[in-house]
Amino acid sequence: MDKAYTPSSEPDIYKLWESADVFTAKIGKLSKAKSASGGKPYSIILPLPNANDPMHMGHALFTIQDILCRYHRLLGDSVLWLPGSDHAGIETQFVFEKKLQKEGKSRFDFDRETLYRMIWDFVETNREINIKQMKQLGFSMDWTRYHYSLEPAIVKNILAVFKKLHHDGLVYRAEKIVNYCTHCGTAFSNLEVDYVDEVTSLYYMKYGPFTLATTRPETKFGDTAVAVNPKDTRYQQYIGQEITVDGLIGPFKVKVIADDMVDMQFGTGVVKITPAHDPDDFEAGLRHHLAIKRVIGFDGRLNELTGKYAGLTVSQARQKVVEDMKASGMLIKVDDQYQHRIGRCYKCKHVIEPMVMPQWFVKIDSLAKPALAAAQKGQVKFFPLRFKKQFTDWMQNIRDWNISRQIVWGPRLPAWYCLECHPGIKLNFITPDKTVVTGLYSDLKANYSYEVIKSGLQSLSAPVDTTYYVDEPSSCPKCGSSHLLQETDTFDTWFLSGQWPLNTLGFNPADPSQSSPDFAYFYPTSVLDTLWDILFFWVARMIMFGLYLAGDVPFKTVHIHARVVDKAGQKMSKSKGNVIDPVSMTQTYGTDALRFALVYGVAPAADIAISEDKIRAHRNFVNKIWNASRFILMKLDQLQSSNPDLKINFNLPLFKGRNGEAERDLNPADLAILQKLDALIVSTTKHLNSYHFGQASEGLYQFFWHEFCDIYIESVKSRGEDALPILFYVLITCLKLLHPFIPFVTESVYQQLVARLGLSEKMLAVSSWPTPHDSKSSVK
RNA sequence: GAGUCUAUAGCUCAGUUGGUUAGAGCGCAUCGUUGACAUCGAUGAGGUCAGAGGUUCGAGCCCUCUUAGACUCACCA
């Protein structure tokens with residue numbers, strides 16, 4: 001054996017496991033019943049990484065799942081850990097557009113088919129890297145069951161589920177106010193908006209007979225009412241009246257409405273109502289049947305209804321409007337220290353512009369109720385338990401889910417419109433000579449053929465009342481025209497990943513009875529391990545889809561782990577320059593060192609502080625294991641050189657009588673180490689069963705280094721062959737206990753032992769979980 | 001505004017139903033090791049477990065309040 005453990009052998013060890021096919025799940029075919037608790041299906045679906053993502057510490061935390069899988073494999077369970085990767089809709093398109101930008105191009109230079117293919121190729125190259133890196137981290141995933149979210153069978157199922165939702169009356173189109181990012185060019189769900197406290201200005205302006213306070217003077221062109229509180233004695237005489245407001249581009253008239261939404265204490269107790277560009281005002285508009293007047297376009301600029309302000313961006317317009325109001329004496333005062341919350345795009349950080357536009361929604365109530373009940377009944381358990389409350393609170397207040405995104409990277413919604421029946425459909429397309437054309441079909445049909453429009457199509461926007469067909473008709477069922485176009489909106493990524501456990505296990509939404517054997521055997525899965533940040537995005541959606549489609553939850557336990565942060569408790573980010581790259585750490589210190597550092601001394605769901613120092617410390621631990629093993633084998637060498645016939649008797653004496661058997665004599669040092677080892681087996685098992693990985697790893701570290709190496713091995717240096725059985729017994733038992741955490745060094749050592757001792761279990765990864773030597777110790 | 005979490009040695013953190021002198025890694029000090037160990041071993045310094053009060057025979061752990069951070073959710077212009 002080399003003088004020190006060399007991580008460069010890790011890829012060979014991984015190949016050894018792969019060649020023995022130990023990670024491939026076998027349905028109901030267990031090699032042997034290895035322990036009382038073993039022999040059951042145990043499955044984990046990997047929280048699918050984004051296909052375009054380079055590996056970071058978040059991925060390295062899959063170690064937790066690997067520990068569980070390897071532990072259960074040793075228990076004798078039929079283990080499936082199913083890997084995959086996600087096309088990650090907006091995330092990927094965002095990265096790709098940045099790349100285009102560097103090349104001096106933009107997405108508007110291409111038709112959607114071309115753009116889609118370009119992103120596809122971009123993702124394919126990265127997907128391979130991702131897989132290679134996961135193997136480097138030793139993850140015992142079943143690569144024969146790897147899936148990608150855009151593979152044809154999965155997309156087919158997604159579309160079938162959409163049709164089922166539609167058939168069940170749970171899908172609808174509606175013109176609602178949505179969170180629109182003018183920079184990303186798409187709407188988002190409520191979850192994708194970050195609200196940031198910011199200090200801005202609050203403008204007090206003359207507004208007909210009133211003075212009112214607003215943060216958004218530039219939207220006044222879209223006002224269709226002004227509101228006061230019905231109890232406010234100051235304004236009683238105006239309620240129901242129509243007032244005239246000087247609008248900078250000429251006077252306009254609005255109605256004064258009374259609504260409880262108005263806080264009499266705030267500002268002057270008067271609020272201008274802009275239903276087209278504010279969520280609250282939109283709601284008020286519904287209550288009072290107000291007109292919706294759009295004055296901001298999807299490009300983030302004021303439109304033709306704003307006179308001289310048309311073409312200005314929102315912030316430019318605000319500045320100009322304020323200047324003009326000041327000049328004309330309409331501006332009363334400005335509070336420039338007004339603190340409030342501004343919604344920003346979680347992706348690009350630009351201010352979210354609430355917009356009224358047609359979108360696709362899923363009615364969520366009938367999906368959420370069973371999911372809520374499942375959490376409350378404990379059908380899905382949460383660990384740590386506090387996340388259950390967070391989950392149920394959210395599920396009780398859930399709103400309809402906007403599933404449509406105005407991007408190209410993802411499956412398009414399976415809905416088709418007839419252009420001839422609905423010439424009011426708005427089109428964007430690029431002609432063969434690379435000109436971008438925008439307009440209503442009714443205005444364009446004379447100059448452009450259907451074929452040119454279809455092949456160059458970038459996006460379309462159909463009025464909310466447009467008839468659609470969810471099965472592609474060859475011609476319009478109403479008018480017989482063949483001029484049909486498919487909706488250009490794509491699915492929210494989470495609509496796909498919400499069905500991930502079902503799709504990867506071979507569930508057939510069209511006919512559940514035709515689902516694959518994997519589904520029958522491994523569903524519901526055992527554990528879902530993830531970070532809390534996607535509890536609502538992903539976990540909630542999976543539970544809803546699982547119950548809705550398959551009638552059962554997708555996993556029995558949700559295990560929430562924390563974020564990896566740096567030594568100072570800061571989130572790792574490129575801009576802070578505090579990112580520790582897991583791949584380079586494995587190259588420097590070995591994968592095992594990194595893995596152990598990620599779980600050692602970490603409390604459940606507490607932030608995981610990682611530093612190169614910590615990884616180095618655990619590299620030393622890994623090396624300690626290597627050298628202790630080397631010492632024991634050298635001891636064997638020495639003894640065998642003087643006694644070639646030396647045989648090791650592995651029938652260790654029990655230190656308490658088993659079944660009334662008499663106690664045997666044991667050297668006090670032997671007795672002590674065996675008793676402590678038994679306690680270690682019991683505590684490690686207990687901690688793994690309760691997801692206390694930090695404590696499990698600490699116990700193993702303490703025992704191996706300070707009990708076994710410092711005390712026991714030191715004490716046997718002067719002893720002869722009588723010490724060998726217990727030396728090997730303790731070593732092998734420790735290798736098994738440590739293997740889930742640090743698979744490479746333990747397997748590497750174990751292979752040496754197999755070569756020297758001819759052990760019956762030839763591979764540690766599929767050996768057996770230890771039970772206490774003393775029959776009276778018990779493992780829960 | 002509602003809710004949740006965190007506060008333990010210089011630094012990063014463990015401490016699972018309350019029980020004897022509160023632990024680890026890194027760092028620090030002294031000594032020893034070069035035939036298991038990119039070292040390793042031995043010994044040591046260092047904490048009124050955020051503050052105050054309470055329950056208890058007994059509290060880092062349970063309860064209340066205070067202070068300081070972090071996070072989640074929420075439509076106030």
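Given the structure is predicted, the values throughout are model-derived calculations rather than measurements.
Nucleotide B/rG41 holds its P atom 11 Å from the CD1 atom of A/I713, rounded to whole Å. Taking atom CD1 on A/I342 and atom P on B/rC76, their separation rounds to 13 Å, with Å as the unit. Atoms OH (A/Y712) and C1' (B/rA36) sit 16 Å apart, rounded to a whole Å. A/F631 has its CZ atom 16 Å from the C1' atom of B/rU34, to the nearest Å. Atom NE2 in A/H618 sits about 13 Å away from atom P in B/rA14, given to the nearest Å. Remark: C1' of B/rC40 and CZ of A/R616 are 17 Å apart, rounded to the nearest angstrom.
Nucleotide B/rU4 forms a Watson-Crick or G-U wobble pair with B/rA70, both donor-acceptor distances falling under 3.5 Å. Nucleotide B/rA52 has B/rU64 as its partner under the Watson-Crick or G-U criteria, with both atom distances under 3.5 Å. Across every strand in view, B/rA14 sits unpaired, with no contact that passes the Watson-Crick or G-U test at under 3.5 angstrom.
At a cut-off of 3.5 angstrom, counting only N and O atoms as typed in the model, there is a donor on one side and an acceptor on the other between the side-chain of A/K624 and the base of B/rC37.
If you check every strand for non-hydrogen atoms under 4.0 Å, A/E714 touches a base. Within the nucleic acid shown, A/F282 has no heavy atom closer than 4.0 Å to any nucleic acid atom. If you check every strand for non-hydrogen atoms under 4.0 Å, A/Q390 touches sugar and phosphate atoms only. Counting any heavy atom pair closer than 4.0 Å across all strands shown, A/H277 reaches no nucleic acid atom. Using a 4.0 Å heavy-atom distance criterion, A/K717 is classed as a base contact. Within 4.0 Å (heavy atoms only), A/T215 reaches sugar-phosphate atoms of the nucleic acid but no base atom. At a threshold of 4.0 angstrom between heavy atoms, the contacts of A/G601 are confined to the sugar-phosphate backbone, with no base atom among them.
Side-chain N/O atoms of A/R630 include none lying less than 4.0 angstrom from OP1 or OP2 on B/rG35.
Taking only side-chain atoms of A/N627, from C-beta outward, the nucleotide of B/rC40, B/rU16, B/rC37 with the closest atom is B/rC37. Out of B/rA42, B/rC76, B/rU12, the shortest distance to the side chain of A/D710 is found at B/rA42. Residue A/A617 has its side chain nearest to B/rG25 when only B/rA14, B/rG25, B/rG41 are considered. In the set B/rC73, B/rU4, B/rA36, the nucleotide with an atom closest to the side chain of A/R386 is B/rU4. Listed candidates were B/rU16, B/rA74, B/rA36. Nearest to the side chain of A/H687 is B/rU16. Minimum atom distance to the side chain of A/A609 is reached by B/rC13, of the listed B/rG15, B/rC13, B/rU39. Side chain of A/D613, nearest nucleotide from B/rA36, B/rA14, B/rC26: B/rC26. When the nucleotides B/rU16, B/rA14, B/rA38 are ranked by their closest atom to the side chain of A/A606, B/rA14 comes out on top. Side-chain proximity of A/K389 to B/rG35, B/rG3, B/rA24: nearest is B/rG3. For A/Q695, the side-chain atoms get nearest to B/rA14 when compared with the rest of B/rC37, B/rC5, B/rA14.
Using cut-offs of 30° and 60° for the angle between ring planes, the A/Y712 and A/F708 rings count as parallel. Note on ring orientation: taking the six-membered ring where Trp is involved, the planes of A/Y346 and A/F537 are tilted (angle from 30° to 60°).
Judged purely by atom type and a 3.5 angstrom limit, A/H687 uses its side chain to pair as donor or acceptor with the backbone of A/S683.
Using atom P as the reference point in both B/rG32 and B/rA22, the two lie 31 Å apart (nearest Å).
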Worksheet entry | Stepwise side chain to side chain donor-acceptor pair (under 3.5 Å) check, A/H692 with A/S690 | CA-CA 6 Å; A/H692 287 88; A/S690 60; 2.8 Å; yes
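If A/T6 and A/G269 are placed on RNA chain B by their nearest nucleotide, the residue sitting closer to the 5' end is A/T6.
A side-chain N or O of A/K272 and one of A/T219 form a donor-acceptor pair less than 3.5 Å apart. Judged purely by distance below 3.5 Å, without hydrogens or angles, the side chains of A/W401 and A/D492 pair a donor atom with an acceptor atom.
Of the options A/F693, A/W532, A/F387, a ring pair (Phe, Tyr, Trp, His ring centres under 6.0 Å) to A/H559 is made by A/F693 and by none of the others.
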